[in-house]
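A short worksheet on the structure shown next.
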2 protein chains.
Amino acid sequence: MTGEKGVKILLADDEPNILQFLELGLAGEGYEVCTAENGAEALRKAEEFRPHIVILDIMMPEMNGFDVCRKLKERAENVAVIMLSAKDAVDDRVAGLTLGADDYVVKPFSFEELLARIQARLRNQFPNLLGGVEIGPFRLDERRGEILYRTEALALSPTEYGLLKFLVLNHGIVLSKTKILDSVWGYQFGGEENIVEVYIRSLRDKLGDKEHRLIRTLRGAGYRMDLS
Amino acid sequence: MTGEKGVKILLADDEPNILQFLELGLAGEGYEVCTAENGAEALRKAEEFRPHIVILDIMMPEMNGFDVCRKLKERAENVAVIMLSAKDAVDDRVAGLTLGADDYVVKPFSFEELLARIQARLRNQFPNLLGGVEIGPFRLDERRGEILYRTEALALSPTEYGLLKFLVLNHGIVLSKTKILDSVWGYQFGGEENIVEVYIRSLRDKLGDKEHRLIRTLRGAGYRMDLS
DNA sequence: GTTGGTGCTCAGGATGATTTCAGGTAGAAG
DNA sequence: CTTCTACCTGAAATCATCCTGAGCACCAAC
């Protein structure tokens, strides 16, 4: 599941098999999907569905993918178009047709590849639809593998990353060292609890939390992240 | 067939043989070609044809290639000029004449060489006319099987190509070595993960990414391609 | 055959992460 | 104030990961 809530994709292909396959796959990834079986229908549905991404087969009845693409682009709305071109089509013709699209995928393609292309398009044209959860002054971005603190990315080791993520997700809650060890290091960890103190210190350093106001020590009980 | 639809080339040469030879050749490559038999005609035709590339013989009646080039450049339109110079011309004179041109080819030349020069010009001055998809400073062209980095084509082995394509398409995302192996080498690959490190290194070399800022190492997590 | 390019492995060194430790500090209880 | 204890801290020691240069096997082109 890499798809994001709120991303709308319009699929247009005249082959019902492919259409259904892609629809199920993309919906399963969390995208909001709408389908059309020819170019004219695609245009009509795009009107009210307002998709972020349109995936167009080139060879379609009524209106081919290229014309649909051009019409979509004329509307000057921000929409990304990905073309599906058949491998056996004459090369130069396909080359001409795909001009104007934002990306194209040559059939046959793997579903993974289409997903990657969609992601790439989203990142280029709709960056705000992607990326992370905001919690107080933090932003957890699992996809990028980084945590921002006040818009700045923290340079964290894997353990630091895991610990900070755990603290932020459980902010306002007292977390005993035992609990932290179990959750971040795993219950099979054999070492001393002091390791938690060491890593808490490291985080406080990197967060500039000199007064221990962000990560509070509750003597005898554990630690608590306070996002005021 | 390497030419792209939509690229317009104006040919000017006073020798009908050469003119026809080049016209047929370039048209066969998919370019839109227009011809002129002297300098004045070339200028006139350029006016309405609006070529992307002008190929000028230097020695022509009415107006020589150098003057045509200067006039074309004065129009402040984006146009690439490639000069054709005769072999028997004195070298430094050729050098002087070709000043102002974007490139020149010495007669006799192979058609392949001219094609290569045209491609190079397109890459430099009209990158969007080339096929493929632009992602950050990269341009993926699957049809041609090449990846450009800042307008320059990279010389990549098949595996390097696959890896770079995967990284670029998934830029901004942490990619573990396992994930990379599965996607680029295939899940049935039996070897060591070190192979990923080796190929990452090779890519970093070819990209001039000495500081590892483009392809970032996230210790313990994987790699991430960072554009912008 | 020879050459050159590619894919992969290996071993060492470099770099960074993790853990331990020993001493210092500061709340809490009496 | 004293004492006890939990926590903090800096550095050292250990450990893991990653980088790198070299080398081998394979295949295709010449």
Side-chain angles (χ1 to χ4, degrees), chain A residues 145-147 153-167 174-225, chain B residues 145-147 153-167 174-225:
Chain A
E146 70 185 10
I147 300 180
L154 298 164
L156 303 171
S157 78
T159 309
E160 289 166 348
Y161 179 86
L163 175 56
L164 180 54
K165 175 178 142 194
F166 183 61
L167 292 176
V174 195
L175 301 164
S176 70
K177 276 182 274 203
T178 309
K179 203 166 193 172
I180 291 175
L181 272 184
D182 284 354
S183 299
V184 179
W185 274 261
Y187 63 94
Q188 80 296 356
F189 177 75
E192 299 295 313
E193 292 200 335
N194 172 258
I195 187 80
V196 178
E197 298 164 15
V198 172
Y199 271 87
I200 288 281
R201 168 175 153 69
S202 157
L203 282 185
R204 292 211 259 230
D205 277 359
K206 295 191 175 179
L207 293 169
D209 184 25
K210 207 154 186 288
E211 311 298 323
H212 301 189
R213 271 197 278 261
L214 243 189
I215 302 176
R216 193 152 303 227
T217 304
L218 302 169
R219 211 181 162 75
Y223 298 92
R224 188 184 64 209
M225 167 133 262
Chain B
E146 73 180 11
I147 300 181
L154 298 165
L156 302 171
S157 77
T159 309
E160 288 167 348
Y161 177 84
L163 175 57
L164 182 54
K165 173 179 146 190
F166 183 63
L167 291 176
V174 201
L175 301 165
S176 68
K177 278 183 274 210
T178 308
K179 204 166 191 172
I180 292 175
L181 273 184
D182 284 353
S183 299
V184 180
W185 275 262
Y187 63 94
Q188 80 294 356
F189 177 76
E192 300 293 314
E193 292 200 335
N194 172 258
I195 187 71
V196 177
E197 298 164 18
V198 172
Y199 271 85
I200 288 280
R201 168 174 151 72
S202 154
L203 283 184
R204 292 211 259 230
D205 278 357
K206 295 192 176 180
L207 294 169
D209 184 25
K210 205 155 185 290
E211 312 297 325
H212 300 189
R213 269 196 277 262
L214 242 190
I215 302 177
R216 196 161 297 239
T217 304
L218 302 173
R219 215 154 227 273
Y223 298 92
R224 189 183 66 206
M225 169 131 250

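No experiment lies behind these values; they were computed from the predicted model shown. In what follows, every chain begins at residue 1, and chains take the letters A, B, ... in the order their sequences are listed.
- Looking at B:Arg219, its side chain comes within 3.5 Å of the base of D:dT17 through a donor and an acceptor atom.
- The closest side-chain heavy-atom distance from A:Tyr223 to A:Val174 is not below 4.5 Å.
- Contact annotation: A:Arg204 side-chain N/O to D:dC8 OP1/OP2 distance is under 4.0 Å.
- Base engagement by B:Glu197 is indicated by at least one non-hydrogen atom pair under 4.0 Å involving a base atom.
- Remark: A:Asp209 CG to A:Ile215 CD1 distance equals 6.0 Å, nearest 0.5 Å.
- The separation between A:Ile180 atom CD1 and D:dC7 atom P is 11 Å, rounded to whole Å.
- To the nearest angstrom, P of D:dC19 lies 8 Å from CD1 of B:Ile200.
- The phosphate of D:dC19 (OP1 or OP2) has a side-chain N or O of B:Tyr223 nearer than 4.0 angstrom.
- Within residues 205-218 of chain A, the residues approaching DNA chain D are A:Thr217, by heavy-atom distance under 4.0 Å.
- Comparing A:Glu192 and B:Ile195 by the nucleotide of DNA chain C whose heavy atom lies nearest to each, the residue mapping closer to the 5' end is B:Ile195.
- Using a 4.0 Å heavy-atom distance criterion, B:Tyr161 is classed as making no nucleic acid contact.
- Atom CG in B:Leu175 sits roughly 14 Å away from atom P in D:dC18 (whole-Å rounding).
- Inter-residue side-chain proximity for A:Asp182 and A:Phe189 is flagged as unmet; no heavy-atom pair is nearer than 4.5 Å.
- Nearer to the 5' terminus of DNA chain C, by closest-nucleotide assignment, is the contact made by B:Pro158 (compared with the other of B:Asn194 and B:Pro158).
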Handout entry: Working for side-chain contact (heavy atoms from CB on, under 4.5 Å), residues B:Leu156 and B:Leu163
Key = CA-CA 10 Å; B:Leu156 302 171; B:Leu163 175 57; over 6 Å; no
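- Between the CD1 atom in A:Ile180 and the CD1 atom in A:Ile200 there is a gap of 5.0 Å [rounded to 0.5 Å].
- Residues passing the side-chain contact (heavy atoms from CB on, under 4.5 Å) test with A:Ser157, sequence neighbours excluded: A:Thr159, A:Glu160, A:Tyr199.
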Practice task
List the steps, then state whether side-chain contact (heavy atoms from CB on, under 4.5 Å) holds for A:Val196 with A:Val184.
Solution key: CA-CA 10 Å; A:Val196 178; A:Val184 179; over 6 Å; no
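- Boundaries of the chain B contact region on DNA chain C are C:dT6 to C:dA17, first to last in 5' to 3' order (nucleotide atom under 4.0 Å from a heavy atom).
- With contacts defined as side-chain heavy-atom distances shorter than 4.5 Å, the pair B:Leu175/B:Arg224 does not qualify.
- Residue B:Lys177 places at least one side-chain N or O closer than 4.0 Å to OP1 or OP2 of D:dC18.
- Residue B:Arg201 places at least one side-chain N or O closer than 4.0 Å to OP1 or OP2 of D:dG21.
- Counting only distance, with no hydrogens or angles, the side chain of B:Lys206 and the backbone of B:Ala155 share a donor-acceptor pair below 3.5 Å.
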